[in-house]
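Before any comments, here is the structure.
All heavy atoms count here, side chains included; hydrogens, waters and symmetry mates do not. The sequence lines fix the lettering, A, B, ..., with proteins before strands; numbering per chain opens at 1. Only a predicted model underlies this, so the values are computations on that prediction, with no experimental measurement involved.
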Protein chains: 2
Amino acid sequence: MTGEYVAPILTVDSVIFQITDGQLMVLLINRAAEPFKGSWALPGGYNAAGETTTEALSRVVKAKSGIEVAKLKLVEQLYTFDTVARDPRGHAVSVTYMGLGLNLEPKDSKTTQSPQFFPVKQLPELAYDHHNIISYAHDRLASKITYTNAVYALLPELFTLPQLQATYEAIFGRQLDKRNFRKKYLSFDLIKPTKQFVKLGAHRPAQLYEFNQKELTSLSRSFD
Amino acid sequence: MTGEYVAPILTVDSVIFQITDGQLMVLLINRAAEPFKGSWALPGGYNAAGETTTEALSRVVKAKSGIEVAKLKLVEQLYTFDTVARDPRGHAVSVTYMGLGLNLEPKDSKTTQSPQFFPVKQLPELAYDHHNIISYAHDRLASKITYTNAVYALLPELFTLPQLQATYEAIFGRQLDKRNFRKKYLSFDLIKPTKQFVKLGAHRPAQLYEFNQKELTSLSRSFD
DNA sequence: ACAAAAGTGTTAAGAATACACCCATGT
DNA sequence: ACATGGGTGTATTCTTAACACTTTTGT
């Protein structure tokens, strides 16, 4: 079997999220080539032989958006889709990743393709089944932040509880009760208060907190 | 880029679980070829061009164990690993799937490789990183059965509550309280009693239940 | 003094846990 | 009659949910 084996095309696609102005945003590029030339799409591209999927991810995201994957605070594999190929050779397999970061600035250049962050709530028409992939990623994110400290990857080192709550609200797409949110979140012992406060306007200053751990940590879910 | 593109080797690997004698069992084959010739391993093999990953899965599992993937009651993609190749050509990418079934009978033949079910608690030495893959699959299964009806795929159409509970216990690896288990599980409204009973020995007969739905259904998890 | 967001506690309802005896059957 | 596993209920603790006022600041 080894002799005549021909592998399918392998691609990687990335769903990169950040929070801007209290909104969950996702990175899209404008396709420069057929198919779907001119449509918005997730940054993605070929995975070559000899390259791991995360290596391909870094290369492709950098080339298409100017963003360094190494600067993302969390990268997680999502799902592998059997899909149509980017080129006419037919069937392809795409490994998708979710990345979370903060203050990411896509840079346009000769090789990039008008990379921009769009609010997840108001996406343009997208190429391929990229709507589905974004919605899969969004679900995974919403789920992940309920049983891990993954939000750390969307926040600065020091943040306030209203900021934390707003991040949860942006992801869940609904309002949470302030007192219950604080009580519950603090009970997880994932974050600790600092002695610093921020004054952000004509109102009481907010206390700054930080995460105890800046790597992914899971809480337990129980059954019995 | 399209011209000189060479794809990495793509493989599929399967973690097929079933319950036998109250134990969680996983299907392994004995590798007939190098590398790891003579070691136990998960059934897996090449994914050729023009073949979807689930098509490759069916073909490979059938060839190596005689088991029809179509007869599994639930198949779910797990994760895609960057891994060493099965042959000397270097880097490969492996898409792994979990399958759940009942009364599966691996058949040995010329093309198969001594396929057998082993208790997950007493595995032999395994090739590659297959221990990790099994443990990843086991975790996913344990998690999945806490928020979905996925156990249906490990049980017959009609089953008793003690059977259902034993299945949960086999997967969690710990005992559950009988009264609490029943109360909680029945509150999910996933199953309904039938009018039938089974007599299994010198004791009171057990009532048979059935699932309302035999497709994967999720319960909700809450945050606020 | 007023507007604006930060911060704080209590009560009620629901979920999870711990726990022990009776029931129906075969031998 | 006894051994075996099936079946059932209650009290307690913990978790979740609903809800409104005071604090600190800038203007």
Side-chain angles (χ1 to χ4, degrees), chain A residues 19 21-23 142-143 145-147 155-156 158-170 172-210 218-224, chain B residues 19 21-23 142-143 145-148 155-156 158-170 172 174-210 218-224:
Chain A
I19 304 282
D21 296 330
Q23 282 196 99
S143 162
I145 60 174
T146 64
Y147 67 94
L155 288 165
L158 299 181
F159 55 89
T160 66
L161 287 177
Q163 244 182 309
L164 178 67
Q165 182 177 343
T167 304
Y168 272 85
E169 289 175 338
F172 289 156
R174 66 190 170 91
Q175 302 290 107
L176 302 175
D177 180 87
K178 187 169 36 161
R179 283 169 291 189
N180 294 339
F181 177 82
R182 287 166 176 249
K183 203 185 321 166
K184 182 164 180 174
Y185 208 88
L186 291 170
S187 79
F188 292 158
D189 284 327
L190 293 173
I191 60 175
K192 57 169 181 271
T194 67
K195 285 168 186 153
Q196 302 172 62
F197 288 78
V198 265
K199 299 183 187 178
L200 276 165
H203 57 83
R204 180 169 174 174
Q207 188 162 17
L208 287 166
Y209 286 75
E210 62 184 328
S218 288
L219 305 171
S220 58
R221 275 180 289 175
S222 62
F223 188 80
D224 179 357
Chain B
I19 303 283
D21 297 330
Q23 283 196 98
S143 162
I145 61 173
T146 64
Y147 69 93
T148 70
L155 289 165
L158 299 182
F159 56 89
T160 66
L161 288 177
Q163 243 183 310
L164 178 66
Q165 182 176 343
T167 304
Y168 273 86
E169 289 175 339
F172 289 156
R174 66 191 169 92
Q175 303 288 109
L176 302 176
D177 180 87
K178 188 169 34 163
R179 283 169 291 190
N180 294 340
F181 177 82
R182 286 165 178 248
K183 202 186 320 166
K184 181 164 179 173
Y185 208 88
L186 291 170
S187 78
F188 292 158
D189 284 326
L190 293 173
I191 61 175
K192 56 169 182 274
T194 68
K195 285 167 187 152
Q196 301 173 63
F197 289 78
V198 265
K199 300 183 188 179
L200 276 166
H203 57 83
R204 179 169 174 176
Q207 188 162 18
L208 287 166
Y209 286 75
E210 62 184 328
S218 289
L219 305 172
S220 58
R221 274 179 291 177
S222 63
F223 186 81
D224 178 9

Closest approach of [X] to [Y] (non-hydrogen atoms, all atoms of both residues):
X	Y	value
A:F172	A:A142	CE2-O, 3.5 Å
A:T194	A:Q207	O-NE2, 2.9 Å
A:I145	A:Y168	O-OH, 2.9 Å
A:L158	A:Q163	O-OE1, 4.4 Å

Nucleotide [N], atom [atom2] - distance to [atom1] of [X] in whole Å:
X	N	atom1	atom2	value
A:F159	C:dA6	CZ	P	14 Å
B:L161	C:dC23	CG	P	19 Å
A:R179	D:dT22	CZ	C1'	11 Å
B:D177	D:dG6	CG	P	14 Å
B:Y185	D:dT8	OH	P	17 Å
B:Q175	D:dG5	CD	C1'	14 Å
B:K184	D:dT15	NZ	C1'	12 Å
B:Q196	D:dG6	CD	C1'	17 Å

(message) Go nucleotide by nucleotide along DNA chain D from the 5' end; which of B:K183 and B:P162 gets its closest nucleotide reached first?
(response)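 Its nearest nucleotide being more 5', the pick is B:P162.
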(message) As an exercise, state the distance from CZ of A:R182 to CG of A:L176, rounded to the nearest 0.5 Å.
(response) 12.5 Å
(message) Please report the interatomic distance CG(B:D177) to NZ(B:K184), rounded to the nearest 0.5 Å.
(response) 12.0 Å
(message) I need the residues from residues 198-210 of chain B with at least one non-hydrogen atom less than 4.0 Å from DNA chain D; give them sorted by number, or say none.
(response)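 Of all residues in residues 198-210 of chain B, the ones placing a heavy atom under 4.0 Å from DNA chain D are B:A202, B:H203, B:R204, B:P205, B:A206, B:Q207.
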(message) Let me check I have this right: for DNA chain D, each base becomes ., (, ), [, ] or |, based on Watson-Crick or G-U pairs with both distances under 3.5 Å. What is the full string?
(response) |||||||||||||||||||||||||||
(message) Applying side chain to side chain donor-acceptor pair (under 3.5 Å), can you list everything that pairs with A:Q165, at least two apart in sequence or on another chain?
(response) A:E169
(message) Does B:T160 form a side-chain contact (heavy atoms from CB on, under 4.5 Å) with B:L208? I'd like the steps, not just the answer.
(response) CA-CA 5 Å; B:T160 66; B:L208 287 166; 3.8 Å; yes
(message) With side-chain contact (heavy atoms from CB on, under 4.5 Å) as the criterion, how do B:L164 and B:Y209 come out once you've worked through the C-alpha distance, each side chain's angles and the decisive distance to 0.1 Å?
(response) CA-CA 9 Å; B:L164 178 66; B:Y209 286 75; over 6 Å; no
